[in-house]
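Proteins get letters first, then strands, A, B, ... in listed order; numbering begins at 1 in each.
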2 protein chains.
Amino acid sequence: MAGYSLGMKSEPPRLRPLAVHSPAADARPYHHGDLRAALLQAAEAELAERGMEGFSLRSVAKRAGVSHAAPAHHFGDAQGLLTALAAEAFRQFLAAQAARETVAEKDPASQLVAAGLGYVDFAIARPTLFRLMWQSDRPDFEVPDLGLSARAAYQHLIDQVAAAGGRSTADEAAVWALAHGLADLLASNRLRGVRSLEPEARDAMVADIIRRALPEV
Amino acid sequence: MAGYSLGMKSEPPRLRPLAVHSPAADARPYHHGDLRAALLQAAEAELAERGMEGFSLRSVAKRAGVSHAAPAHHFGDAQGLLTALAAEAFRQFLAAQAARETVAEKDPASQLVAAGLGYVDFAIARPTLFRLMWQSDRPDFEVPDLGLSARAAYQHLIDQVAAAGGRSTADEAAVWALAHGLADLLASNRLRGVRSLEPEARDAMVADIIRRALPEV
DNA sequence: CTCCTATCTTGACAGTGACAGGATAGACAG
DNA sequence: CTGTCTATCCTGTCACTGTCAAGATAGGAG
């Protein structure tokens with residue numbers, strides 16, 4: 001649950017040139033060191049603070065301590081940055097599901113419920129990223145990096161539904177819609193009656209609800 | 001399904017001053033006549049064409065044939081316009097559910113399924129408006145007009161779940177999440193296996209899925 | 001007929017994304 | 001050590017956006 005971060009290097013890069021003669025306030029070097037990762041990290045923070053609609057490329061650059069045009073070289077334009085961010089988000093979205101699956105019972109039904117819990121975990125922990133993935137027009141799903149990671153998340157769902165005995169399109173749709181609906185409503189801070197529960201009680205209720213999607217199991 | 005429109009006057013207002021001496025290209029009068037409704041209509045069209053994130057207040061004004069600052073007098077700012085639009089959307093959202101309910105069987109379970117079909121109808125017919133209502137930060141739900149119409153939609157759901165025998169928070173959440181998840185995924189053009197069905201087949205599948213939310217019925 | 005007020009316009013400002021051209025520095029060859 | 005090459009980053013500019021201030025217009029009340 002804790003510790004998701006998009007920078008992928010925990011150390012803030014900013015490799016200063018060994019301070020040969022720096023007057024201590026020499027500030028940043030001309031070359032950043034790992035600007036691409038820093039921009040992704042800054043973009044996520046900006047998104048979390050100002051929301052999807054208040055997102056600004058220039059603010060991201062400022063937060064990363066860099067000029068307003070610097071992001072262009074790494075991502076092309078704002079859409080490119082958000083596409084890369086969404087791709088990374090889909091990977092962590094799958095990781096959140098996997099984290100639940102490893103601590104769950106190994107039978108297919110329990111694994112399916114665990115994936116649903118991970119789906120919801122991610123939506124609650126990072127609601128703006130969740131919106132970027134599912135409801136925004138800006139990420140370009142034609143870009144292979146994003147298209148593949150999104151498809152991987154979808155395929156994981158399909159596989160689990162099949163393993164749990166789901167056979168029809170309706171079964172797939174029911175499981176997906178239920179998990180997604182819970183996640184989206186919780187991310188938007190609706191469903192307060194569920195969201196305000198203690199973690200254990202909330203998990204139990206979410207699990208109970210998700211099980212309803214597959215009546216025959 | 002057809003014919004939703006936010007202008008609420010079907011006639012384009014533009015009451016010209018009876019053409020006393022107009023040289024035929026005298027164009028629009030200084031006062032519009034029903035600018036508020038025209039702006040709501042234009043805003044919906046812009047939203048449908050350019051998407052939530054490409055929305056521009058100046059484009060709305062231009063589409064309504066009016067100066068860029070004209071909307072301010074009726075709505076204050078962009079948030080005010082989108083708040084009014086969302087409030088109207090919630091009313092039509094309820095109307096879409098009511099339309100399905102009137103042609104459905106009158107037992108509580110059928111009425112609940114009908115409401116779910118209306119929920120999905122609206123999301124498919126007007127996806128961007130659906131996003132504005134559920135996933136945007138911009139409408140201000142503290143404004144009574146919007147707060148009340150949103151609450152009315154929520155209350156309608158709660159009442160129907162209760163009438164159909166739902167008793168717990170989990171029952172309410174399951175029904176809402178299932179309908180909402182289907183609607184959102186269909187609005188985003190996911191769930192292609194469902195969306196590409198003929199209307200009758202699609203309705204049958206959506207109904208089948210929604211019935212899963214209340215296992216005891 | 002006069003004035004009052006709601007309605008709409010024009011003009012300005014800071015902030016935005018994108019682009020062009022220039023500055024910097026690390027790497028590599030000799 | 002020197003010179004060049006290239007990826008990286010910066011400054012300056014453009015059209016466009018939302019918001020505010022101030023002025024123009026017209027419909028209606030007195």
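Between dT17(D), dT7(C), dT19(D), one nucleotide has an atom nearer to the side chain of Ser59(B) than all others, and that is dT17(D). Looking at the side chain of Ser67(B), the nearest of the listed nucleotides dG18(D), dT10(C), dC10(D) is dT10(C). Of the listed nucleotides (dG18(D), dC8(C), dA18(C)), dA18(C) has the atom at the smallest distance from the side chain of Leu57(A).
As judged by a 4.0 angstrom heavy-atom cut-off over every strand, Ala78(A) is placed among residues touching the sugar-phosphate backbone only. Across all strands shown, Ala69(B) has heavy atoms under 4.0 Å from base atoms, whether or not it also approaches the sugar-phosphate. Within the 4.0 angstrom heavy-atom criterion, no nucleotide atom of any strand lies near Arg138(A).
Between the side chains of Gln160(B) and Gln97(B), no donor-acceptor pair of N or O atoms lies under 3.5 Å.
Going from atom NZ of Lys62(B) over to atom C1' of dC8(C) covers 17 Å, rounded to whole Å. Per the geometry, CD belonging to Glu53(B) stands 16 Å off C1' belonging to dT17(D), to the nearest Å. Separating the CZ atom of Arg63(B) from the P atom of dT17(D) is a distance of 14 Å, rounded to the nearest angstrom. Atom C1' of nucleotide dG17(C) and atom CZ of Phe55(B) are separated by 19 Å, given to the nearest angstrom. The separation between Leu81(A) atom CG and dG17(C) atom C1' is 12 Å, rounded to whole Å. As rounded to whole Å, 12 Å separates atom P of dC8(C) from atom CZ of Arg36(B).
Cation-pi geometry between Arg190(B) and Phe141(A) is met: the NZ or CZ atom falls under 6.0 Å from the ring centre, inside 45° of the normal.
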If you apply the rule side chain to side chain donor-acceptor pair (under 3.5 Å), what do you find for Arg126(B) with Gln92(B), and how did you get there?
CA-CA 11 Å; Arg126(B) 318 177 82 182; Gln92(B) 297 195 0; 2.4 Å; yes

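Residue Ser56(A) places at least one side-chain N or O closer than 4.0 Å to OP1 or OP2 of dG17(C). Listed pair His74(A) / dC9(D) meets the phosphate criterion, a side-chain N or O lying under 4.0 Å from OP1 or OP2. Contact annotation: His73(B) does not reach the phosphate of dC8(C) (side-chain N/O to OP1 or OP2, under 4.0 Å).
Along DNA chain C, the nucleotide nearest Pro71(B) and the nucleotide nearest Asp77(A) are compared for position; the residue whose nucleotide lies closer to the 5' end is Pro71(B).
You won't find any donor-acceptor pair under 3.5 Å spanning the side chain of His68(A) and the base of dG15(C), going by distance alone. Between the side chain of Arg58(A) and the base of dG15(C) there is no donor-acceptor pair of N/O atoms closer than 3.5 Å.
The nearest pair of heavy atoms linking Ser136(B) to Arg131(A) is C-NH1, 4.2 Å.
Across Tyr154(B), Trp176(B), Phe93(B), Phe90(B), a single residue satisfies ring-ring contact (aromatic ring centres under 6.0 Å, His included) together with Tyr119(B), and that is Phe93(B).
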